[in-house]
Amino acid sequence: MNGAINYTHTFSSGVVWHWPIAVYLLLAGMSGGALIVALLIRYYKKQTGVTPLFKGASLLSLVTILLGMVCLVADLDKPLYFWKILINYNFTSVMSIGVLALCIYIPLSFVVVLYAFEKELNAFFANHFTFLKAFFGLIMNILNFIRPLMFVLTLIFAVAICAYTGFLISVLVRFPILNTSALPALFVASGLSAGIAGSGLIAAMFFREDTHSSDLKILHAIEWPVMAAEILLIGMIFVSLIIGSDVQKAASMAFFSGEYAKMFWIGVVGIGFVIPIVFNFLLGKTFAHTRFAFYVSSLASIIGVLMLRMFILYAGQTYSIFI
């Protein structure tokens with residue numbers, strides 16, 4: 001396609017995608033994950049009002065996806081030309097499809113924020129910009145009329161964004177750690193994990209949600225099956241490497257030696273998995289129900305997902321078919 005951006009043409013040897021891409025992958029996954037869990041809980045409990053969790057998840061989703069886009073654009077060789085990828089699409093390219101999904105998802109996440117903060121925005125316009133109050137009311141009347149449709153679309157594209165971050169790098173066939181069918185599923189699971197932790201944190205810290213509330217109890221119940229799915233998918237990737245070709249076996253050494261192994265065992269396993277499990281199951285129920293345990297476990301989960309993204313990205317690019 002004429003004018004399309006080839007996002008793999010600079011891959012020669014060594015690490016080309018650095019930490020800003022890892023942060024982008026975290027933020028995009030967290031954004032999608034937060035909206036997925038918030039909307040599913042809303043459907044499950046048949047909620048019609050605005051809850052602290054819904055406010056926290058919607059705000060987190062919009063902020064993280066926007067910050068993620070800043071990281072993505074900043075990592076480009078020519079960031080001022082990023083707009084070209086917004087007008088040149090190749091529907092055989094994972095990146096082009098992902099960009100299109102982002103162009104739909106970001107406005108949807110903004111609309112969800114409008115739903116969550118409609119009351120506060122009405123008061124703001126009434127007190128400060130009265131000439132905009134009627135216009136804002138008209139916009140919200142239209143949006144409220146199509147609210148069920150908007151929520152369904154948002155849920156679909158939130159899942160797509162989580163999966164897209166995995167598909168984006170799994171198509172790089174030269175890299176055994178990256179080129180695995182389990183990677184998109186792992187990124188969905190880890191995005192959900194970060195979204196669960198982040199939305200609970202924001203709801204409790206900024207919107208006075210009780211850490212023992214009904215919504216956060218559901219989040220807490222979802223957290224452990226999601227973590228189990230992460231561990232299972234990581235195990236599948238590892239097993240596929242050690243029983244694979246010589247190149248794949250060589251790539252499996254990223255789990256055993258060097259800086260990447262430390263990143264995995266300390267960052268992903270130690271911080272991301274062990275700390276939440278110890279704090280919630282091995283130190284007694286009294287400690288597990290404290291706000292300290294809630295905040296530390298949530299932060300550890302987010303850090304663990306970031307370390308997982310860093311490990312996959314850096315180790316994945318280091319071990320290629322040319323090593």
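Values below: all heavy atoms of this structure, side chains included; hydrogens, waters and symmetry mates excluded. Treat the numbers as computed from the prediction; the structure is a model and nothing was measured. Position 1 is the first residue of the sequence, and the numbers go up from there.
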What pairs of donor and acceptor atoms, side-chain ones from residues 154-169 against any protein atom, are under 3.5 angstrom apart with sequence neighbours left out?
from, atom 1, to, atom 2, distance (Å)
Thr154, OG1, Met150, O, 2.7
Thr165, OG1, Cys162, O, 2.7

For a quick test of your reading: what N or O donor-acceptor pairs under 3.5 Å do the side chains of residues 251-274 make, sequence neighbours left out?
from, atom 1, to, atom 2, distance (Å)
Ser252, OG, Lys249, O, 2.5
Tyr260, OH, Thr318, OG1, 3.0
Trp265, NE1, Phe255, O, 2.6

N/O donor-acceptor pairs under 3.5 Å from side chains in residues 296-314, not counting sequence neighbours:
from, atom 1, to, atom 2, distance (Å)
Ser297, OG, Asn280, ND2, 3.2
Ser297, OG, Ala293, O, 2.8
Ser298, OG, Phe294, O, 2.8
Ser301, OG, Ser297, O, 3.0
Arg309, NE, Leu25, O, 3.3
Arg309, NH1, Ser190, OG, 2.3
Arg309, NH2, Leu25, O, 3.4
Tyr314, OH, Trp19, N, 2.9

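Between Phe129 and Phe131, the two ring planes are perpendicular [angle over 60°; tilted spans 30° to 60°].
With Glu118 contributing its side chain and Tyr115 its backbone, the two residues share no donor-acceptor pair below 3.5 Å. His212 places a side-chain N or O within donor-acceptor distance of the main-chain N or O of His289, the cut-off being under 3.5 Å.
Defined by atom type and a distance below 3.5 Å, a donor-acceptor pair is missing between the side-chain atoms of Thr51 and Lys45. For the residue pair Ser193 / Glu223, no side-chain donor-acceptor distance below 3.5 Å is found, with atom types taken as modelled. Ser31 and Ser61 are linked by a side-chain donor-acceptor pair at a separation below 3.5 angstrom, with hydrogens and angles left out of the test.
Distance check, rounded to the nearest 0.5 Å: OG of Ser109 to CG of Leu114 gives 10.0 Å. Atom NZ in Lys46 sits 12.0 Å away from atom OG1 in Thr48 (nearest 0.5 Å). From Thr211, atom OG1 reaches atom CG of Leu201 across 11.0 Å, with rounding to the nearest 0.5 Å.
Cation-pi geometry between Arg42 and Phe54 is satisfied (NZ or CZ under 6.0 Å from the ring centre, within 45° of the ring normal).
Residues Leu102 and Ile65 form a side-chain contact, since some pair of their non-hydrogen atoms from C-beta on lies under 4.5 Å apart. Proximity of Phe175 to Asn179: side-chain heavy atoms (C-beta onward) are nowhere separated by under 4.5 Å. Within the 4.5 Å cutoff, the side chain of Leu53 has heavy atoms near those of the Ser199 side chain. Counting heavy atoms from C-beta outward, Met69 and Leu27 have side chains that stay 4.5 Å or more apart.
Nearest heavy atoms, Ile202 versus Gly56: CG2-CA, 3.7 Å. Of all the heavy atoms in Ser58 and Lys55, the pair that sits closest is OG-O, 2.9 Å. Minimum heavy-atom separation, Ala34 to Leu60: CB-CD2, 4.0 Å. Residues Ile237 and Ile177 come closest through the heavy atom pair CG2-O, 4.5 Å.
In summary, the aromatic rings of Phe117 and Phe136 are positioned with their centroids too far apart to meet the 6.0 Å limit. In summary, the aromatic rings of Phe279 and Phe287 are positioned with their centroids under 6.0 Å apart.
In this structure, Val70 is not a member of the same hydrophobic cluster as Leu26, with clusters built from ILVMFWY side-chain heavy atoms closer than 4.5 Å. In the hydrophobic clustering of this structure, Leu143 does not group with Leu138; members are Ile, Leu, Val, Met, Phe, Trp, Tyr whose side-chain heavy atoms approach within less than 4.5 Å, directly or through other members. Grouping the Ile, Leu, Val, Met, Phe, Trp and Tyr side chains by contacts below 4.5 angstrom, directly or via other members, places Phe151 with Tyr44. Leu282 and Trp224 fall within the same hydrophobic cluster, where Ile, Leu, Val, Met, Phe, Trp and Tyr residues are linked whenever their side-chain heavy atoms come under 4.5 Å apart, directly or through other members. When the side chains of ILVMFWY residues are joined at heavy-atom separations under 4.5 Å, either directly or via intervening members, Ile146 and Tyr43 end up in a single hydrophobic cluster.
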